[in-house]
Every structure is written in structure tokens, then in C-alpha cells.
Amino acid sequence: MIVMTEQTHKAGFVNIVGKPNVGKSTLMNVLIGERLSIISSKAQTTRHRIMGIINDDAYQIVFSDTPGMLKPKYELHKNMMGFVHMSLEDADVILFVTDLFETDAEIEDVIEKINQSGVPVLLVINKIDLSKENQLDEVTAYWTQRIKAEAVIPISATESFNTERILMEILDRLPQHPPFYDKEELTDKPERFFASEIVREKIFLNYKKEIPYSTEVAIEDFYEEDHIIRIRAVIYVERKSQKGIIIGEGGKALKRVGIQAREEMEKFFGKKIFLETFVKVEDDWRKNKNKLKKFGYDQ
């Protein structure tokens, strides 16, 4: 039996970067085995860096799922890209995730930063279950010309295909270090953060066009009792007209979001949930630095 000592224990930060919608959040959830990042088919659903942690007797991997790379149009976007740039600075390994359909358009400068960072990069090509003849070879050739990668790993995150290989490649490159977090911890985020993310996920599932991107969710109350958690969530929108859309005719749309979020939270927290939802207008919050700070986008 090998006894792990502080000298042989491995620990490090693995940061997942890539364009919106390539499957970064899905991949992190598969690797960790918990639904920590919200998953939605709409782009830009991950706005903050979310830490998820894998613990083993021999190692600790701290994953960070960053917002999708994009050209900033609002103060919010600049803030989100700040999370991406920060993630390049504190990484021991970078997972650059792409898929069969993305190019490097609009993210050339970030790719240049990645290539100059000196951090080992694993190029992960997702969605290969959708691959047509020779498509994977062409995509691999395209990206290996652009990214200085130490390994290319084709995967299907939704089918958990080849994701184990990612862990092996990470462990090969992880530095020897004592654990950064308590081994019982799964994430560095508080519980109310996940409550707000679950509500936000349901908004992305239930509304179209600009509405999900114009909303922010704040958890004003989070009271945990023995058998129940009482949560009060406020959904902020930018304009009065959006408030009407979120609530829906006779309050039906908001009620549907509330029911779906409550069911998801009960699975996530393993307790009965009493959830109240309210909608408030916060004019143009995405363009206002002070309002962004209020919502936790603080670099």
C-alpha cells in the first residue's frame, strides 16, 4: 500500500475556456459528477467562474468553468471576459474546449494569450457524436495550427465518451502540492449561489430572444431548517416590458419557472424547498458598473 504524503500529493487549478455553447459546463459536470454549472443550449449562460472540485486520496483538481469567450458589447461582457483573462493567470492546466463547428473568429487575441501563457494546454474537441466523415480530422488539423496543445482529446460530453482520458492527461501535468481546499468540499461557492443559478437556468429554458440575457437573479433570503429550505428569489430585468413577459399572462410563466426551479433545487439540496419568486426592474443594469458590482461582477 502506497501512503500519500504531502510530498507526493498532487493539487492544482484546471481552467476550462472556449467560445460560448461548445459544452464547457456540460463537460465540467461530467468530470465532477455533480451539476455545478448551469447547462443551457443558449450561449453565455455561465457568467461567473464556478469552481468544482474532484478529491481523491492522491490528488485534488480544482476546476473553473469560465464564461464563453466573446467580443464585449456591454460592461457585463467586459466583466465576463475579465473572468476569462484571470483564469489564464492562475491555471496549472488549461482545457481549451471547442467542437466540430466553431472557428477562432473573434477570439484570436485570447488564443494568442493562451499560447503565450506557458501553461500546458489540452485541446478538447467536443460533440464528436455528431461527426460526419473526415470532419474530426479536418477540425483537429484546423485547431492544432492555432493552439499550442500538448494533447488533443476528442470527446462527447453529453455521452461521457473519452472524458476519463481528460482526467489522465490532467493528472500527468498536475504539480505536487498539498490540497488547496478541505477534501469534503465540492465547490467554493455558497449554497445561495446555486439557488440563483438554478432559477437562471429555468429562465433560459422558458424564455426566448433577449429576455434571458437581460435577467439577473438575486437570492434575498435563504433560511435552512431541519427538513426545509425557505428561499426568496428576485428576478431583475432591464425594462418594464420584460417584467410583463417574465410574469406572463395570469402569472403562468413565472409560476412555471418557480415549479421547475423548486423541483431542481430539491434534487440539488436533498431537502424540501419553499420558493418564492418576485420580479423587479433594474434599468439597464448590464451597462452600469455600480449595478454590476451589486450583482457580484466585481473584478
Side-chain angles (χ1 to χ4, degrees), residues 10-56 58-69 83-84 87 91-102 120-131 136 139-140 143 147 149-174 181 183-189 193-194 197-198 200-202 204-205 264-265 267-270:
K10 289 185 164 190
F13 291 85
V14 176
N15 296 343
I16 305 173
V17 297
K19 287 177 93 167
N21 243 6
V22 292
K24 298 184 300 299
S25 297
T26 309
L27 173 60
M28 190 171 100
N29 293 336
V30 168
L31 292 172
I32 292 166
E34 289 280 337
R35 295 187 73 243
L36 287 183
S37 298
I38 68 168
I39 301 169
S40 154
S41 60
K42 290 191 175 73
Q44 298 167 42
T45 46
T46 304
R47 288 190 191 146
H48 298 267
R49 293 177 68 196
I50 298 173
M51 299 285 189
I53 302 167
I54 296 183
N55 287 307
D56 181 271
Y59 60 83
Q60 181 179 78
I61 305 172
V62 185
F63 284 101
S64 169
D65 173 20
T66 57
M69 298 169 175
F83 286 114
V84 175
S87 74
D92 294 299
V93 179
I94 292 170
L95 285 192
F96 183 90
V97 183
T98 185
D99 62 21
L100 299 171
F101 315 103
E102 276 300 347
V121 178
L122 303 177
L123 173 61
V124 177
I125 301 173
N126 192 17
K127 305 183 187 175
I128 63 162
D129 48 308
L130 307 174
S131 180
L136 181 58
V139 170
T140 303
W143 281 105
I147 292 267
E150 295 195 0
V152 181
I153 311 168
I155 66 155
S156 167
T158 53
E159 297 182 7
S160 300
F161 171 75
N162 213 23
T163 50
E164 282 299 310
R165 187 175 153 215
I166 297 175
L167 283 180
M168 288 161 58
E169 297 284 356
I170 289 169
L171 288 171
D172 281 350
R173 293 164 178 81
L174 215 59
Y181 296 94
K183 285 285 184 105
E184 299 304 307
E185 295 291 327
L186 254 181
T187 176
D188 69 337
K189 295 286 185 200
F193 172 81
F194 293 105
E197 286 288 277
I198 287 167
R200 217 160 59 77
E201 178 182 42
K202 301 313 170 193
F204 267 87
L205 292 173
E264 184 80 36
M265 285 179 198
K267 279 188 248 168
F268 189 89
F269 294 113

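Numbering of residues begins at 1 and proceeds along the displayed sequence.
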If you round to the nearest 0.5 Å, how far is [atom2] of [Y] from [atom1] of [X]?
{"X": "Ile198", "Y": "Phe193", "atom1": "CD1", "atom2": "CZ", "result": "10.5 Å"}
{"X": "Ile147", "Y": "Thr98", "atom1": "CD1", "atom2": "OG1", "result": "8.5 Å"}
{"X": "Met265", "Y": "Lys202", "atom1": "CE", "atom2": "NZ", "result": "9.5 Å"}
{"X": "Ile166", "Y": "Phe63", "atom1": "CD1", "atom2": "CZ", "result": "8.0 Å"}
{"X": "Glu264", "Y": "Glu201", "atom1": "CD", "atom2": "CD", "result": "5.5 Å"}
{"X": "Tyr59", "Y": "Leu174", "atom1": "OH", "atom2": "CG", "result": "9.5 Å"}

[X] versus [Y], closest heavy-atom pair with distance:
{"X": "Thr140", "Y": "Ile125", "result": "OG1-CD1, 3.5 Å"}
{"X": "Gln60", "Y": "Ile53", "result": "CG-CG2, 3.7 Å"}
{"X": "Thr158", "Y": "Asp129", "result": "OG1-OD2, 4.1 Å"}
{"X": "Ile153", "Y": "Glu169", "result": "CD1-CG, 3.8 Å"}
{"X": "Pro154", "Y": "Leu136", "result": "CB-CD2, 3.9 Å"}
{"X": "Val152", "Y": "Arg165", "result": "O-NH1, 3.2 Å"}

Against Asn126, only a single residue in Asn162, Leu27, Ile155 fulfils side chain to side chain contact (heavy atoms under 4.5 Å, CB included); can you say which?
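Going through the options one by one, the only one that passes is Ile155.
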With Phe161, which residues qualify under side chain to side chain contact (heavy atoms under 4.5 Å, CB included), at least two apart?
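Expected list: Ile128, Ser156.
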Is the shortest heavy-atom distance from the side chain of Phe101 to the side chain of Leu130 under 4.5 Å?
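Contact flag for Phe101/Leu130 side chains = yes.
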Side-chain touch Val93/Ile61, heavy atoms, less than 4.5 angstrom:
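Not in contact.
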Starting from the C-alpha separation in whole Å, work towards a yes-or-no answer on side chain to side chain contact (heavy atoms under 4.5 Å, CB included) for Val14 and Asp92.
CA-CA 6 Å; Val14 176; Asp92 294 299; 5.9 Å; no
When you look at Ile16 and Val124, which way does the side chain to side chain contact (heavy atoms under 4.5 Å, CB included) test go after all the steps?
CA-CA 10 Å; Ile16 305 173; Val124 177; over 6 Å; no
Heavy-atom count around Glu164 CD within 6.0 Å, excluding the residue itself: above 12?
no
